[in-house]
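Here is the structure we will look at, set down as structure tokens.
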Amino acid sequence: MADTRKIYVLNGPNLNMLGTREPEIYGYDTLDDIAERMEDAAHRAHVEIDFRQSNHEGHLVDWVQEAHREGAHAIIMNPGAYTHTSIALHDAIKSITVPVIEIHLSNPHTREAFRHKSYVGMAAKGTIAGFGAMSYMLALEAALEL
Ligand code: DHK
């Protein structure tokens, strides 16, 4: 029987600019490239991916709550800069039982001090950072094992 587990992949602000945004830090893959690669892997693993991006904090909070309501298997989230500022996202993640895997393309700990604190990471099940687009694929692998 087909596995209908659904995994939300939520992307925060400025990730729609991937490909041209500081490629020496974030790489040359676009968000569409990453989405396509994840869709392929999800298809092979017989799970469903719901891949989204927003520049608005409230949308991300709404989507976290939606994933909970919909009984999602996991949330993979690159919260962009909201990682370092959003108590709202921290609280949203604490409010739900769906495991959240925080991801980053870069390794924020090797960058500016203001990126060293993660409100999302403090509430997430785990964090994968620093592997470029591969961070997304590693998170999918982890989500499948949960
Ligand atoms: C993406 C961003 O937009 C930054 O604000 C974070 C993260 C790092 C990333 O590496 O994917 O600091």
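Atoms within a ligand are numbered from 1 in the order they appear, just like the ligands themselves. The model shown is predicted, which means the values in this text are computed figures rather than measured ones.
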Is L15 in polar range of ligand 1, meaning some N or O pair under 3.5 Å apart? no

List the closest protein heavy-atom neighbour of atom 10 (O) of ligand 1: residue, atom name, distance to the nearest 0.1 Å. S106 OG, 2.6 Å

Close-contact set for ligand 1 against A81 heavy atoms, below 4.0 Å: 3 (O), 5 (O)

Look at atom 3 (O) of ligand 1 and find which of H104, E112, R115, R21 reaches it with the closest heavy atom. R21

Heavy atoms of other groups near E39 CD, more than 12 under 6.0 Å: yes

Contact (N/O only, under 3.5 Å) between L105 and ligand 1: yes

Group every Ile, Leu, Val, Met, Phe, Trp and Tyr by side-chain heavy-atom contacts under 4.5 Å, then state whether V100 and Y136 land in the same group. no

Sole residue of Q53, H59, E57 in side-chain contact (heavy atoms from CB on, under 4.5 Å) with N55: Q53

Looking only at heavy atoms, what is the nearest atom pair of V61 and A92, with distance? CG1-CB, 4.1 Å

Can you tell if the side chain of N11 reaches within under 4.5 Å of the side chain of V9, non-hydrogen atoms only? yes

Atom 12 (O) of ligand 1: which protein heavy atom is closest, and how many Å away? H84 NE2, 2.7 Å

I need the nearest protein heavy-atom contact for atom 1 (C) of ligand 1: residue, atom name and distance, please. Y26 CE2, 3.7 Å

Min heavy-atom dist N78 to ligand 1 below 4.0 Å: yes

Does atom CD of E112 have more than 12 heavy-atom neighbours, drawn from other residues, nucleotides or ligands, at distances under 6.0 Å? yes

